[in-house]
Amino acid sequence: HASTHISALPQEVLVRLFRYLGPEDLCRCSQVCRTWAEVVKTGSLWRHLYPVRWARGDYYRGPPGEPDQDPDEDWVQNLQEEGRAYQEWDEDADVDESEEACEDSLAISAVHKEKKLLNGMIQNLLPEVGSSVRTLSLAYSAAVSSKMVRQILSLCPNLIHLDLTQTDVTDSAFESWAELGACRTLEHLDLSGCEKITDYTLKNLTLGLGDLTTPRFSKNSPDCKNKLLKTPPSAIKLLDQHSRYSLGRARTALVFKWRPGGRSMSCSPVWVLDPVELADIEDAADWARRGGLAAGNSEGHSSILGVQVQTGGRSCCCRRSMKRSFRTDIGSAYLQQLYGTLGEMQCGHSACCGSDATLRTVKGAQCEPQATGGSTELWTKCPSEGKTRTEQSGACRALRFLSLSGCYQITDFGLRCLSQGGGLPLLEHLNLSGCLFITEVGLHELVSVCPSLKDEHFYYCDNINGPHADKASGCQNLQCGFRVCCRSGE
Ligand code: FES
């Protein structure tokens, strides 16, 4: 019998094997050879990121738990103590951030490790796989800064779940959302205990979620009907020889033919695929965009999460934009337009790729609408509804969970911002405990555009006679020692 060496395995098989590994093992694999280093940068291997846990040796990388599941109290307390120790050490240690300086304390070294890991992710991993990231949890991180969050959000335009509980972030962390539709896939946002957040963040959030009140097309438009797809979309051309297997399955999965064009009323074709099949296709397109996986193609490889930084090959447009400092509304739009014109948009990040094809995977009721200016895309349908949300409008405003508990600077103005653009039709859980400056007027305004809100998951100050006062759950911060509450200490 002829034996097959592991190096002869096709990339699809390698990726399947790598799916059984945790982030630490993937990093080791990335240092074996250039081919493996490229395969490790496959997006589907990095869907869910938990750097705070990883820095402490817990290498979980599955989907997040239930929103109402409380984290382990001891674990949270440990993290808070580590954070305090690190802050004291950081204030005392002027310039000396060497390994030796923090070896003395396990707590300090854990936060130090977390900081290095975050920097490694931002520099090496996310520019490659950012568009595939769905979950990011930085809850209780003492190492994360607003600048880091800003960079991460800019590199991960398709986030669904973002947890920044009890971090020190400010409004500037969310600047990349100040663009219509910049975070339209977001379903879960936890900013509990982020005391520096103000209405400005909510203003950016509502912009980023998109606008439901501007229908982009009418299904009966003759223009649209005339553009029904007759031939396979050009997106398929992206897939190279590595992905023929996936492509074959994509063709058989074709079930739906058209979608609205971008922000204009023009139409472009769409293919709707079974979400289960899409991961492979996304991966294949990922590889194709990176110019294939032949060993000779790679000029160098880096340890994904950090330590070695030898960048080789083509850099992603997101990385290029990082070098130009971070985006402003107008600057970003201009850069996107410019890159689109120059044909440089090849990273596949949905927020920045305004042309060519983008491949994405959707699960559950997440509908992944995308304004892409007449591009051809592969889409999945909403299993729960049997059709894409884009049949109704270009935006989704998919937010289901929002916690601003302890964000005491929020006012009615912030709530009014959230109620704009069509409100939050899917929002089920809203925590405004400890928001001292909001009033019943602001609450009524917001609740009137949140038809899915569940009373048992609706929390606000007990001193406000707001909507659903008899059934809502009241303030959650009464017994909480570390989050703002107007009645703490009573
Ligand atoms: Fe008023 Fe907690 S904020 S009861």
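All ligand and atom numbering here is 1-based and tracks the order in the structure. Quantities reported herein were computed from a predicted structural model and do not represent experimental measurements.
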Please check if the side chain of Glu428 supplies one atom and the backbone of Phe401 the other of a donor-acceptor pair under 3.5 Å. no

Test side chain to side chain donor-acceptor pair (under 3.5 Å) applied to Thr167 - qualifying residues, sequence neighbours left out: none

Ignoring hydrogens and geometry beyond distance, is a side-chain donor-acceptor pair present between Thr411 and Asp199 at under 3.5 Å? yes

Once the angle between the rings of Trp54 and Tyr50 is folded into 0 to 90°, is it parallel (under 30°), tilted (30 to 60°) or perpendicular (over 60°)? perpendicular

With ring centroids as reference points, do Phe458 and Tyr460 lie under 6.0 angstrom apart? yes

Do any protein N, O or S atoms sit under 2.8 Å from atom 1 (Fe) of ligand 1, and which ones are they? Cys461 SG, Cys486 SG

Given Arg397, Gln420, Arg416, the one that forms side chain to side chain donor-acceptor pair (under 3.5 Å) with Thr206: Arg397

